[in-house]
Amino acid sequence: MTTEFNPKIVAFVCNWCSYAGADKAGGQRLDYAHNVELIRVMCSGRVTPSFVMEAFEKGADGVMVLGCHPGDCHYRTGNYKAKRRFTLFQKMLSQFGVDPRRFKLDWVAAGEGAKFQKVSNEITEEVKKLGPLKLTGFVKERGNDL
């Protein structure tokens, strides 16, 4: 018996837009991937590459950062900061042993439940094709004997 691979997707969603978009998708009973775990943050600009790498290290097969549309950030420029940061980060992912297709940065407004559904389903399908993430090379802490 073969079981279908259901990837674990972690989504960092901004409090003001993307989280509300996810909530709207749920409220409208839109069918989106059930394996998306939301982590609510105040702004997409507060998410750092280390958050994303930690999610991968702790078992995520794919990670999304979803924020307000450019020009609509509650904190004015947070989403621009996220765009600059993650455009560069995505180029570096393969150097960390992670296929860049496992990461997605996108914009979802509070009223865009259907867009949240679309983005969630797209990354889930892409990561299913890639299979489970197998990271190697992380140095584990050994205590004070270093």
Side-chain angles (χ1 to χ4, degrees), residues 1-70 72-75 78-143:
M1 180 169 127
T2 309
T3 59
E4 183 181 348
F5 168 58
N6 285 311
K8 180 179 179 182
I9 308 294
V10 172
F12 293 96
V13 294
C14 81
N15 181 61
W16 306 103
C17 286
S18 302
Y19 182 80
D23 188 51
K24 186 166 184 88
Q28 293 177 327
R29 300 194 187 286
L30 299 178
D31 188 27
Y32 66 90
H34 67 279
N35 51 322
V36 176
E37 181 179 330
L38 301 180
I39 298 177
R40 191 175 185 177
V41 295
M42 292 309 291
C43 179
S44 59
R46 296 284 294 149
V47 180
T48 66
S50 63
F51 290 3
V52 175
M53 288 308 296
E54 186 173 346
F56 282 129
E57 182 182 356
K58 290 186 174 183
D61 296 299
V63 177
M64 297 188 292
V65 175
L66 303 177
C68 303
H69 286 275
D72 288 337
C73 180
H74 187 78
Y75 300 103
N79 47 14
Y80 291 115
K81 183 177 183 179
K83 182 168 176 46
R84 284 190 309 273
R85 177 181 287 157
F86 288 111
T87 298
L88 177 60
F89 175 73
Q90 193 156 26
K91 293 177 184 178
M92 296 172 53
L93 271 174
S94 59
Q95 295 175 18
F96 300 134
V98 177
D99 188 309
R101 293 174 291 178
R102 293 183 181 276
F103 174 78
K104 185 166 190 71
L105 172 67
D106 213 328
W107 317 117
V108 176
E112 293 182 316
K115 181 162 185 194
F116 177 82
Q117 172 194 36
K118 178 180 181 276
V119 170
S120 297
N121 290 341
E122 283 175 353
I123 193 168
T124 298
E125 288 307 311
E126 184 68 37
V127 173
K128 275 185 182 179
K129 292 176 195 170
L130 296 171
L133 177 61
K134 294 176 180 76
L135 286 180
T136 59
F138 278 99
V139 177
K140 300 293 181 194
E141 289 186 36
R142 293 189 276 169

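Pro70 is listed as a side-chain neighbour of Trp107, based on a closest heavy-atom distance under 4.5 Å.
Ring geometry for His74 against Trp16 counts as parallel: the plane angle stays under 30°, on a 0 to 90° scale with 60° as the upper cut.
Annotation: Lys128, atom NZ; neighbour count of heavy atoms from other residues, nucleotides and ligands within 6.0 Å is above 12. For CZ of Arg85, the number of neighbouring non-hydrogen atoms (other residues, nucleotides, ligands) closer than 6.0 Å is greater than 12. By the neighbour-count criterion of 12 heavy atoms within 6.0 Å, atom NZ of Lys83 is sparsely surrounded, having that number or fewer from other residues, nucleotides or ligands.
Taking every heavy atom of both residues into account, Val127 and Gly62 meet most closely at CG2-CA, 4.2 Å. Shortest non-hydrogen contact noted between Ser18 and Val13 is CB-CB, 3.8 Å. Across all their heavy atoms, Ala33 and Ser120 have their closest contact at CB-O, 4.2 Å. Asn79 and Asp72 make their closest contact through ND2-N, 4.3 Å (heavy atoms, listed as atom of the first residue, atom of the second, distance). Here the closest non-hydrogen pair linking Tyr32 and Gly26 is CE2-N, 4.2 Å. Taking all atoms of both residues into account, the shortest heavy-atom contact from Cys68 to Cys17 is SG-SG, 2.9 Å.
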For Lys129 and Arg101, run side-chain contact (heavy atoms from CB on, under 4.5 Å): C-alpha distance rounded to whole Å, both residues' side-chain angles, the deciding distance at 0.1 Å, then the answer. CA-CA 10 Å; Lys129 292 176 195 170; Arg101 293 174 291 178; over 6 Å; no

side-chain contact (heavy atoms from CB on, under 4.5 Å) for Lys115 and Asp106? Distances and angles first, verdict last. CA-CA 10 Å; Lys115 181 162 185 194; Asp106 213 328; 3.2 Å; yes

Walk me through it: do Lys58 and Glu54 pass the test side-chain contact (heavy atoms from CB on, under 4.5 Å)? CA-CA 6 Å; Lys58 290 186 174 183; Glu54 186 173 346; 2.9 Å; yes

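How far CG of Leu105 is from CZ of Phe12: 12.5 Å, rounded to the nearest 0.5 Å. To the nearest 0.5 Å, atoms CD (Gln28) and CZ (Phe116) are separated by 12.5 Å. Atom CZ in Phe96 sits 7.0 Å away from atom CG in Leu93 (nearest 0.5 Å). If you take CG on Asp23 and CZ on Arg40, they are separated by 8.5 Å, rounding to the nearest 0.5 Å. Interatomic distance, OG1 of Thr124 versus CE of Met64, reported as 7.0 Å (0.5 Å rounding). Taking CE from Met42 and OH from Tyr75, the interatomic distance works out to 3.5 Å, rounded to the nearest 0.5 Å.
You'll find the ring centres of Phe103 and Phe86 inside the 6.0 Å limit.
Between the side chain of Asp61 and the backbone N or O of Pro132, no donor-acceptor pair lies under 3.5 Å. Checked by atom type and distance alone, the side chain of Ser44 never pairs as donor or acceptor with a backbone atom of Leu66 at under 3.5 Å.
Partner Glu112 forms a side-chain hydrogen bond (donor to acceptor under 3.5 Å, both in side chains) with one of Gln117, Lys118, Lys24, His69 and no other, that one being His69.
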